[in-house]
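In what follows, a structure is listed as structure tokens, so that the remarks can point back to it.
This chain uses plain numbering: 1 for the first residue, then up along the sequence.
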Amino acid sequence: MAATGESQPAKHQEVGHKSLLQSDALYQYILETSVYPREPEAMKELREVTAKHPWNLMTTSADEGQFLNLLLKLINAKNTMEIGVYTGYSLLSTALALPEDGKILALDINRDNYEIGLPIIEKAGVAHKIDFREGPALPLLDEMVDDVKFHGSFDFIFVDADKDNYLNYHKRLIDLVKIGGVIGYDNTLWNGSLVAPPDAPLRKYVRYYRDFVLELNKALAVDPRVEICQLPVGDGITLCRRIS
């Protein structure tokens, strides 16, 4: 606790603020200088609509959306998958990055949230790229793994869903992404809780999922089938490039 009269850092005002930067002012600088001026109008509109939703903390941050959009263009992605859609901010970022004939298989257990963003996605002219499926992802992934035509068929896969199933997803997605393709796992620094002491006062959901994120990070670090890079963008994103 700071002494009386001592100035304290201002809390960040942006919904979806997940940056691990120690300075909120520096994060605001990044947003105002490099992110918001380049943010497509449709993404801005969806971000502002999502900010009014009671679960807005689930949204992808604007800087991460920009990062994903550029990454997809750099790797020339065309066929992608997203597990965990929410209102569709990262989905829209992906759809805008893909070529006109690009495709996204979008999986989420809640279609109602997706439909919040769908009118904006349609107005942006990219809804035809999205194949939305409502329901748990694992049964569909099992079907795809059993069908060899799906093996190595995805250029990029983004996972931002139930953290307790991340390893289960990885076991299946490694067969579905092509060699040279990329899987991105979101929230792999998990609110900075991974290095918190055992008695740290963490929110219940943060404490519950922390061990699953730790387990994923350990597994990815030694998986010989992928090259990895863990980045402090948003709440942490680990990129896995399949090499075998």
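- One side chain, Ser61 or Asp63, offers a donor N or O that lies under 3.5 Å from an acceptor on the other.
- The heavy-atom pair separating Asp186 from Tyr166 by the smallest distance is O-OH, 3.1 Å.
- Looking at heavy atoms from C-beta onward, Asp131 lies out of side-chain contact with Lys103 at the 4.5 angstrom threshold.
- Residues Ala137 and Leu107 approach most closely at CB-CD1, 3.8 Å, considering heavy atoms.
- Tyr185 and Leu176 fall within the same hydrophobic cluster, defined by Ile, Leu, Val, Met, Phe, Trp and Tyr side-chain heavy atoms under 4.5 Å apart, directly or through other members.
- Remark: Glu134 engages no residue in a salt bridge (charged side-chain N to carboxylate O under 4.0 Å, His left out) (not counting sequence neighbours).
- Going from atom OG1 of Thr94 over to atom NZ of Lys73 covers 11.0 Å, rounded to the nearest 0.5 Å.
- Side-chain N/O atoms of Asn56 and Lys52 include no donor and acceptor closer than 3.5 Å.
- Identified under the side chain to side chain donor-acceptor pair (under 3.5 Å) test for residues 143-152, with sequence neighbours left out: none.
- Atom-to-atom distance recorded for Glu115:CD and Asn110:CG is 9.5 Å, nearest 0.5 angstrom.
- Note that OG1 of Thr80 and CG of Asp155 are 8.0 Å apart. Values are rounded to the nearest 0.5 Å.
- With no hydrogens or angles considered, a side-chain donor-acceptor pair links Asp162 and Tyr169 at under 3.5 Å.
- Each of Leu105, Leu173, Asp160, Leu140 was scored for a side-chain contact (heavy atoms from CB on, under 4.5 Å) with Ile83, with one residue passing: Leu173.
- Note: the hydrophobic cluster containing Tyr36 also contains Tyr27 (ILVMFWY, side chain heavy atoms under 4.5 Å, direct or indirect links).
- Here side chain to side chain donor-acceptor pair (under 3.5 Å) pairs that include residues 200-215, with residues two or more places apart or in two chains, number zero.
- Put simply, CG on Leu72 and CZ on Phe158 are 10.0 Å apart, with the number rounded to the nearest 0.5 Å.
- Side-chain contact between Thr59 and His53 is absent, with no heavy atoms from C-beta onward closer than 4.5 Å.
- A continuous path of Ile, Leu, Val, Met, Phe, Trp and Tyr side chains, each step under 4.5 Å between heavy atoms, connects Leu194 with Val206, placing both in one hydrophobic cluster.
- When side chains are defined from C-beta on, Tyr86 counts as touching Trp55, because their heavy atoms get closer than 4.5 Å.
- Hydrophobic clustering (side-chain heavy atoms under 4.5 Å, transitive across Ile, Leu, Val, Met, Phe, Trp, Tyr) keeps Phe212 apart from Leu220.
- Taking all atoms of both residues into account, the shortest heavy-atom contact from Gln66 to Ser34 is NE2-O, 2.7 Å.
- Between the side chains of Thr87 and Thr50, a donor-acceptor pair is found at a separation under 3.5 Å.
- Counting non-hydrogen atoms of other residues, nucleotides and ligands closer than 6.0 Å to CG of Leu214 gives a total above 12.
- One hydrophobic cluster, built from ILVMFWY side chains closer than 4.5 Å, cannot hold both Trp190 and Leu167; they sit in different ones.
- The environment of Arg38 atom CZ is sparse: at most 12 non-hydrogen atoms of other residues, nucleotides or ligands sit within 6.0 angstrom.
- The two residues Asn79 and Ser153 have their closest heavy-atom pair at ND2-O, 2.7 Å.
- Side-chain contact check for Asn113 versus Asp108: every heavy-atom pair is 4.5 Å or farther apart.
- Tyr89 belongs to a hydrophobic cluster whose remaining members, ordered by chain and number, are Met43, Leu46, Val49, Val85, Leu91, Leu92, Leu96, Leu98, Ile104, Tyr114, Ile116, Leu118, Ile120, Ile121, Val126, Ile130, Phe132; membership requires side-chain heavy atoms of ILVMFWY residues under 4.5 Å apart, directly or through intermediates.
- By the 6.0 Å contact criterion, NZ on Lys218 is open, its count of non-hydrogen atoms from other residues, nucleotides or ligands being 12 or less.
- Remark: Val177 pairs with Ile157, Ile183, Arg242 by the side-chain contact (heavy atoms from CB on, under 4.5 Å) rule, at least two apart or across chains.
- Nearest heavy-atom pair, Ala77 versus Pro99, reported as atom, atom and distance to 0.1 Å: O-CD, 3.4 Å.
- The line from CG of Leu216 to CG of Asn165 is 11.5 Å long, rounded to the nearest 0.5 Å.
- Closest heavy-atom contact between Leu68 and Ser90: CD1-CB, 4.1 Å.
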Hey, can you pull the donor-acceptor pairs under 3.5 Å for the side chains in residues 222-233, sequence neighbours left out?
{"residue": "Asp223", "atom": "OD1", "partner": "Arg225", "partner atom": "N", "Å": "2.9"}
{"residue": "Asp223", "atom": "OD1", "partner": "Arg225", "partner atom": "NE", "Å": "2.9"}
{"residue": "Asp223", "atom": "OD2", "partner": "His170", "partner atom": "NE2", "Å": "2.8"}
{"residue": "Asp223", "atom": "OD2", "partner": "Arg225", "partner atom": "NE", "Å": "3.4"}
{"residue": "Asp223", "atom": "OD2", "partner": "Arg225", "partner atom": "NH2", "Å": "2.9"}
{"residue": "Glu227", "atom": "OE1", "partner": "Arg241", "partner atom": "NH1", "Å": "3.0"}
{"residue": "Gln230", "atom": "NE2", "partner": "Thr188", "partner atom": "O", "Å": "3.0"}
{"residue": "Gln230", "atom": "NE2", "partner": "Thr188", "partner atom": "OG1", "Å": "3.2"}

